[in-house]
Each structure stands twice: as structure tokens, then as C-alpha cells.
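Here is the structure we will look at.
When a residue number appears, it is its place in the shown sequence, counting from 1. In this text, all values refer to a predicted model and were calculated from it rather than measured experimentally.
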Amino acid sequence: MTTPETEGALSNKAIITVLGGDRPGIVAAVAGALSEREANILDISQTILQGIFTMTMLVDLAKADFSELKSHLDELAQSLGVQILMQREEVFRYMYRL
């Protein structure tokens, strides 16, 4: 819930989604990239649907630089052959509100 004190303030949390063909090492590569940049995984869900890998993560970026991490994840996505999208939590919640 937004309060007058927090309205307009950016959260230190982000939603990361990964989508692509299943192959070994995707979770390890993404988790490693986050760990190297001091981003903490708060929640994670992953599944494989008929050979398609999907993962959603909620991460704490209190010690990480959003832009630098996003840039690194873009490079990682290309090397893994998957799609990785990172959005600030408040942007994600705004876009998908009911």
C-alpha cells in the first residue's frame, strides 16, 4: 500500500523474468550474475512447460546498481539464448494491477 511518505519513492526491489528453451545452467547463470552484483533473491518460481523454461524472481537491489545489473542481464540473455526482463517492482505492479 502506498503512503504519502512512500509515494514517488523507488523501491529497492525488482522483478526478473526469464523465458526460453530449457537447458542446463540457466538458473545457475542468472543466480550467479545476481550474487556477483550483490542482488539478493527474495522469492523465485520456475517451471518447464513442454521444453520452455520460465522463471520469475523477486530480488532486492539495496546493494546493487539497477542499470548495471540490467545491462549485464541483457548480455547474459544473449549468451544463454533466453529472454531476460528486469523491471522495478513498482513498475511491474502498476502495469499488472487489477
Side-chain angles (χ1 to χ4, degrees):
M1 184 168 135
T2 305
T3 65
E5 295 81 29
T6 61
E7 190 168 319
L10 288 179
S11 166
N12 286 330
K13 295 178 185 168
I15 305 293
I16 297 174
T17 56
V18 182
L19 177 66
D22 184 34
R23 66 188 268 302
I26 297 172
V27 175
V30 174
L34 295 172
S35 176
E36 289 170 5
R37 284 150 187 85
E38 297 189 66
N40 186 38
I41 299 169
L42 301 173
D43 202 353
I44 182 172
S45 172
Q46 67 125 59
T47 191
I48 301 164
L49 303 168
Q50 297 183 357
I52 304 297
F53 175 84
T54 62
M55 178 169 64
T56 305
M57 308 170 98
L58 174 64
V59 298
D60 182 354
L61 303 176
K63 296 181 181 180
D65 179 84
F66 182 91
S67 296
E68 194 274 330
L69 178 58
K70 185 171 181 349
S71 177
H72 183 72
L73 290 176
D74 290 344
E75 293 172 15
L76 182 61
Q78 286 196 343
S79 70
L80 292 173
V82 298
Q83 175 187 25
I84 301 176
L85 176 65
M86 184 168 89
Q87 297 175 295
R88 292 197 182 273
E89 180 188 33
E90 59 272 5
V91 172
F92 181 87
R93 291 189 185 280
Y94 181 80
M95 288 176 57
Y96 299 102
R97 71 181 189 261
L98 296 176

query = Which ILVMFWY residues can you reach from Leu49 by hopping between side chains whose heavy atoms are under 4.5 Å apart?
reply = none
task = Let me see the working for Asp22 and Ile52 under side chain to side chain contact (heavy atoms under 4.5 Å, CB included), right down to the final yes or no.
result = CA-CA 5 Å; Asp22 184 34; Ile52 304 297; over 6 Å; no
task = Tell me, please, which residues at least two apart from Glu68 pass side-chain hydrogen bond (donor to acceptor under 3.5 Å, both in side chains).
result = Arg37
request  = Could you tell me the separation between the CD atom of Gln87 and the CD1 atom of Ile15, rounded to the nearest 0.5 Å?
outcome  = 8.0 Å
request  = Supply the atom-to-atom distance Glu38 CD to Asp60 CG, rounded to the nearest 0.5 angstrom.
outcome  = 11.0 Å
inquiry  = Starting from Met55 and following side-chain heavy-atom contacts under 4.5 Å between hydrophobic residues (I, L, V, M, F, W, Y), which residues can be reached?
reply    = Ile16, Val18, Ile26, Val27, Val30, Leu34, Ile41, Ile44, Ile48, Phe53, Met57, Val59, Leu61, Phe66, Leu69, Leu73, Leu76, Leu80, Val82, Ile84, Met86
note = CD (Gln46) and OG1 (Thr17) are apart, to the nearest 0.5 Å, by 14.0 Å
